[in-house]
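Below, chains carry the letters A, B, ... as their sequence lines are ordered, and counting in each starts from 1.
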Amino acid sequence: MKRPLFSQPNSFAHHCSSLLQRCMKPKALKPSKQIHALVLTKHIDMNVLSLSSKLIGAYACCGDFNSAKLLFQETPNPNVFALNWMILTLTSSGSHEEAIRYFSLCQESKNYNSSPNKYTFSAILKSCMGLLDAGLGKQVHGLICKMGFQNDLSVCNDLIYMYCKCSIICPARQVFDEMSERDVASWTTIMCGYANAGKIDESVILFERMRMDGVKPNEFTWNAIISGHAKNGDCDDAYMFFSRMSKEGLVPDLATWNAMISGFVQSQRAIEALELFRSMLIAGIKPNQVTLTALLPASGIIASIGTTGKEIHGFIYRIKLDINVFVASALIDMYSKCGNIKAAQIIFNTTPDKNLASWNAMIGCYGKHGMVESAIGLFEKLHDEKIQPNEVTLTSVLSACSHGGLVEKGLEIFRSMDKYGVEANIEHYSCLIDLLCRYGRMDEAYGIVNRVGLEITNSIVGAFLNGCKIHGRRDLAEKIDDRMKVEMNKPGAFVTLSNIYASEGEWGGVEDVRKVMKDKKVLKKPGFSSI
DNA sequence: GTAGGGTTAG
């Protein structure tokens, strides 16, 4: 006798439910849709076995947000799994505001009565982090305590991570200190938080303490301590930990090598960076885009030694490394620095998914080489492409204007900065002063230097004093003399000031400046050549 | 029935 396929009344629903489950891991959208269709055509009650919530989960995790949303709206009582899937997928696709809207909707709505759980909080904390909204994070933290998740290991780790990413280490540390149980990730996360806040010493203390607590550091932990030192400019200490890592039986991985290489390059120690790169290849680690992006700026530092950026470019080509937008921008910058504008242009034009950094590199390239019209042309094209410039873009454009003699254009761009949502910083002000000074508009420049709240740095004063020198305005130089003596602690600008006095035989002034430099201990060391 | 966390780039 032929057995019926589904003997129980609900066995069809059971079957659909388990099939849906199996659709989720491989993110199989089509079978999920087929099951949905079957459920509808067979008039199965969607409330049975929370079928509608399972379908929401399946749609969300397969990336079909629209279907997930529609079904979520139609479902009278979506369960916590459905909610979590919605929030998690919105969060991981970067739609943080919407994720938060779903979360609060479900907090307030009568239509929704199951409580958030630790998965909900983990996901929503990621959105707070994505928005860098520590205030919101704090509110969620409050809710976590209210609902009794303050002792959950993974929720606490997520809280620490959120606070660290929002750059507020105090509450992160408080959560960490109050945890009854900590794992390697808890220690690593807080250590990174300190390292990124420039408090590497505290990271080291925690690194030693975790071992006393019987928690063994893993690759992530070692990488955190190594990159922490490297980012803070302590390459020697980074290297010390790098060597120690191997002695303690852990093999440096790609991220370890990348952190070391990038640290040495950022400290201008290009030769050592290159040596590390070679050791990495010998160790059999295959470099990736991060490695090459980090390494490329080294070519500018060591061009005179013989390894050129072009060789590194050749290497990229030989290993068939996929040139992503990071590598492309680094290549543009490298060719720009060694004066090969043509090569920079070719890379810029053949990069399909350009981002702001690529545009900035190319605009900077034109500016550096006096091609002010091209720089401005590209800057205006940015607007057509609906890309918002940032402070780097504006520094490059303003500096291009000043080098290329376009005073009015430069002033116009400076005035329009707030239109782009960029607040003028010291760099922009020094470009502005440079712009005015080069064309003799000294009194206006003097007005800017004296703007309330503007810190006088070497670049600000340097630009201004150069103008004074060229246009014979010792009177104006004298006017900021007193302020410099009080506020400045670096030699550069004092030398220019003293030169202005010297050029006019004003030896008293020269003597005076030298005395201040001596008192402030900023006497310039004798020049030396790197060769 | 929901994840795996944390490290490296312009």
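A:D333 is linked by a salt bridge (charged side-chain N to carboxylate O under 4.0 Å, His left out) to A:K337, counting only residues two or more places apart in sequence or in another chain. For the ring pair (Phe, Tyr, Trp, His ring centres under 6.0 Å) test, residues two or more places apart in sequence or in another chain that qualify with A:F348 are A:W359.
A ring-centre distance under 6.0 Å is found for A:F315 and A:F277. In this structure, A:F207 has its ring center at least 6.0 angstrom away from the ring center of A:W187. Between A:Y239 and A:H229, the ring centre distance reaches or exceeds 6.0 Å.
No more than 12 heavy-atom neighbours from other residues, nucleotides or ligands sit within 6.0 angstrom of CD on A:E423.
Heavy atoms of A:T221 sit nowhere under 4.0 angstrom from any nucleic acid atom. At a threshold of 4.0 angstrom between heavy atoms, the contacts of A:D253 with the nucleic acid are absent. Within the nucleic acid shown, A:N218 comes within 4.0 Å of at least one base atom, counting heavy atoms only. Contact annotation for A:N360: no contact, since no heavy-atom pair falls under 4.0 Å across all strands. In this structure, A:S227 reaches the sugar-phosphate backbone alone: every heavy-atom distance under 4.0 Å involves primed, P, OP1 or OP2 atoms, never a base. At a threshold of 4.0 angstrom between heavy atoms, the contacts of A:V392 with the nucleic acid are absent. Within the 4.0 angstrom heavy-atom criterion, only backbone atoms of the sugar-phosphate kind lie near A:K231; the bases stay farther away.
Extent of DNA chain B lying under 4.0 Å from chain A heavy atoms, first and last nucleotide in 5' to 3' order, is B:dG1 to B:dG10.
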